[in-house]
Amino acid sequence: MVAKPDEKWGETPCAFVELKPGTTASADELLQWCRKNMAGYKVPRYFVFAEIRRTSTGKIQKFKLREMAKAM
């Protein structure tokens with residue numbers, strides 16, 4: 001999850017989701033799960049289903065995700 005710029009709040013949570021092969025999930029299902037299990041201010045407003053870029057050691061490249069969120 002990264003921060004996406006927002007006019008009203010400054011920034012809002014944006015979740016990037018990479019599903020395992022053979023699995024399915026919708027943004028509505030993820031939103032319901034987040035509302036049930038997370039604090040209200042942490043619940044993402046946006047869900048992006050995409051391949052998550054990683055470094056050669058397997059770490060997520062958050063700066064790339066922030067760039068993608070800013071471009072949306």
Side-chain angles (χ1 to χ4, degrees):
M1 204 170 341
V2 296
K4 179 181 182 338
D6 184 71
E7 289 183 21
K8 182 177 180 181
W9 300 106
E11 52 187 32
T12 59
C14 177
F16 285 83
V17 181
E18 181 177 4
L19 298 174
K20 292 182 179 182
T23 60
T24 59
S26 69
D28 290 331
E29 291 171 339
L30 294 175
L31 181 61
Q32 293 303 318
W33 186 91
C34 289
R35 284 185 178 158
K36 182 179 167 189
N37 295 293
M38 298 172 73
Y41 67 93
K42 293 181 181 180
V43 175
R45 287 191 175 183
Y46 306 97
F47 290 92
V48 179
F49 293 90
E51 183 179 341
I52 297 175
R53 309 252 338 234
R54 298 175 190 271
T55 63
S56 60
T57 59
K59 293 184 178 183
I60 295 173
Q61 295 180 334
K62 281 200 166 187
F63 71 96
K64 294 278 187 184
L65 299 180
R66 285 188 197 100
E67 289 173 4
M68 289 173 60
K70 194 179 283 189
M72 294 180 6

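Scored by the side-chain contact (heavy atoms from CB on, under 4.5 Å) test, Lys42 finds Met38, Ala39 as partners (sequence neighbours excluded). Taking Thr55 as the reference, Thr57, Lys59, Gln61 meet the side-chain contact (heavy atoms from CB on, under 4.5 Å) condition, with sequence neighbours excluded.
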Only distances under 3.5 Å count here; give the side-chain donor-acceptor pairs of residues 64-72 to other protein atoms, sequence neighbours excluded, each with its distance to 0.1 Å.
none

Expected list for residues 11-32: side-chain donor-acceptor pairs under 3.5 angstrom, two or more places apart:
{"residue": "Glu18", "atom": "OE1", "partner": "Ile52", "partner atom": "N", "Å": "3.2"}
{"residue": "Thr23", "atom": "OG1", "partner": "Lys20", "partner atom": "N", "Å": "3.3"}
{"residue": "Thr23", "atom": "OG1", "partner": "Lys20", "partner atom": "O", "Å": "2.6"}
{"residue": "Ser26", "atom": "OG", "partner": "Glu29", "partner atom": "N", "Å": "3.2"}
{"residue": "Glu29", "atom": "OE1", "partner": "Ser26", "partner atom": "N", "Å": "3.0"}

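Trp9 shares a hydrophobic cluster with no other residue; no ILVMFWY side chain has heavy atoms under 4.5 Å from its own.
The same ILVMFWY cluster, assembled from side-chain heavy atoms under 4.5 Å apart, contains both Tyr46 and Val2.
Within a 6.0 Å radius of CZ in Arg53, no more than 12 heavy atoms belonging to other residues, nucleotides or ligands are found. For Tyr41, the OH atom counts as loosely surrounded, since its 6.0 Å shell holds 12 or fewer non-hydrogen atoms of other residues, nucleotides or ligands.
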